[in-house]
Number of protein chains: 2
Amino acid sequence: MIRLILEAFLPYRLHRLGSVISQKLKGVYGRKYGMTVPDWRVLSTLGQFVQLTAKAIGTHSAMHKTKVSRAVAALEKRRWLARSRNPDDRREELLTLTTAGLKAYNDIVSDMIGFESALTERLGVKNVAELETVLMQLEQALDISEQSSPSSQRTTSAE
Amino acid sequence: MIRLILEAFLPYRLHRLGSVISQKLKGVYGRKYGMTVPDWRVLSTLGQFVQLTAKAIGTHSAMHKTKVSRAVAALEKRRWLARSRNPDDRREELLTLTTAGLKAYNDIVSDMIGFESALTERLGVKNVAELETVLMQLEQALDISEQSSPSSQRTTSAE
DNA sequence: GGTTGATGGTTACATTTGTAACTGAAATAA
DNA sequence: TTATTTCAGTTACAAATGTAACCATCAACC
């Protein structure tokens, strides 16, 4: 007869931590721009990589293609994003942020960075360093050590 | 003009880590019992605390009350869970796992613990110890240092 | 007592998300 | 060349989730 103490269970703690933090971040762009999570994921991915296809955004951000499609449509409607057909392969659309999109992106990002530094400040340099190390270990153990390129595929679609 | 490298951004990494892990765990009870995430949350909370109201389960597991209500109904249909009115307050229902429910719970939990130990083994004792420390720090910094009792309230409803 | 407001839980309805079918375009093969 | 298959992206439909209204009960107040 086993009993699992959730508060002491590593996966539970990690998941809760991640949820609470992303919940707080959602508050930032949610309140400020009325953006949804998928919207923000597309915006941030595109902000980082400048130009991508919807497919690439999906694989990099682990979002279902329909979710991406809808978020892209939403951002386009705000005129934060522009599409253009790839002349070399007319199935694909190359997506980029417009000036307005970049402006919003930069604004949100500076808030995000503010949030992160507030957090790391609370932790202290030593803890942050340890955290970095252990995160890397975990990422390796779970085989998600990041390649920082949106072209490489992975087929899971995480929540 | 800022550029946020997502793979190096702490909140992003934490969230992704949590998602990937809980995705893998979902595989366990999903394949084995065809259970959904809300189902498992209710089952595990009830497994830990033996007897709770739906409300208490909701606050402890940060689930919306309708989600809890539906998961409870689903588990009841499997005869894994039994309800009984609280005679002292006939609005509440006291929920407990049946023998069958406990059996499934124990089975899944042993898999979960197996998963956790496989993970910590990969990390090594030193890293695990560091992880524990830093997680605690983070939980404190984010004000979710766990009280391990389902009675205390928090109003956020995380994803 | 009766009335009013809050609370635990369910249900109807709206929104979001995922699944599967589809469109247009490219690649492969005949 | 013209099938056939594969692929990027969208859309129709189904399943899951959240919002708001609801019912039953309790608590507070008259």
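Below, chains carry the letters A, B, ... as their sequence lines are ordered, and counting in each starts from 1.
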First of B:Leu95 and A:Asp89 reached from the 5' end of DNA chain C, by closest nucleotide: B:Leu95
Testing the basics here: between A:Gln48 and B:Leu6, what is the closest heavy-atom pair and its distance to 0.1 Å? OE1-N, 3.0 Å
Got a second to check how far B:Trp40's CH2 is from B:Thr45's OG1, nearest 0.5 Å? 8.5 Å
Interatomic distance, A:Arg90 CZ vs C:dA25 P [rounded to whole Å]: 6 Å
Does OP1 or OP2 of D:dA8 have a side-chain N or O of A:Lys55 closer than 4.0 Å? yes
Between D:dA8 (C1') and A:Ile57 (CD1): distance, integer Å: 13 Å
Establish, with yes or no, whether the OP1 or OP2 oxygen of D:dT10 is under 4.0 angstrom from a side-chain nitrogen or oxygen of A:Lys65. no
Which heavy atom of A:Leu10 sits nearest a heavy atom of B:Glu116, and at what distance? N-OE2, 3.0 Å
Looking only at the side chains, is there a donor atom on one of A:Glu7 and B:His60 sitting less than 3.5 Å from an acceptor on the other? yes
Distance, rounded to the nearest Å, where A:Arg91 contributes CZ and D:dT6 contributes P: 12 Å
Distance, rounded to the nearest Å, where A:His64 contributes NE2 and D:dA16 contributes C1': 15 Å
Using modelled atom types only, decide if a donor and an acceptor are shared between the side chain of B:Arg85 and the backbone of B:Arg90 within a distance under 3.5 Å. yes
Can you label the angle between the B:Trp80 ring and the B:Tyr33 ring as parallel, tilted or perpendicular, going by 30° and 60°? perpendicular
Is any side-chain N or O of B:Arg70 under 3.5 Å from a base N or O of D:dG18, one able to act as donor and the other as acceptor? yes
Can you tell me the distance, in whole Å, between the CG atom of A:Leu94 and the C1' atom of D:dA8? 12 Å
Specify the angle, to 10°, made by the local axes at the two ends of the helix from C:dG1-D:dC30 to C:dA30-D:dT1 when five pairs are taken at each end. 0°
A:Asp39 has an atom CG; how far is it from atom P of C:dT15, in whole Å? 16 Å
side-chain N/O B:Ser69 vs C:dT10 OP1/OP2, d < 4.0 Å: yes
Using the side-chain contact (heavy atoms from CB on, under 4.5 Å) rule, take B:Leu46 and B:Leu95 through it: C-alpha gap first, then chi angles, then the decisive distance, then the call. CA-CA 8 Å; B:Leu46 219 38; B:Leu95 308 171; 3.9 Å; yes
B:Arg85 near the nucleic acid: base, sugar-phosphate alone, or nothing, with a heavy-atom cut-off under 4.0 Å? nothing
Start at the 5' end of DNA chain C and walk down; is the nucleotide closest to A:Thr36 or to A:Thr66 reached first? A:Thr36
Between B:Lys67 (NZ) and C:dT11 (P), how many Å, whole number? 19 Å
In whole Å, I'd like the distance from the CD atom of A:Glu93 to the C1' atom of D:dT10. 10 Å
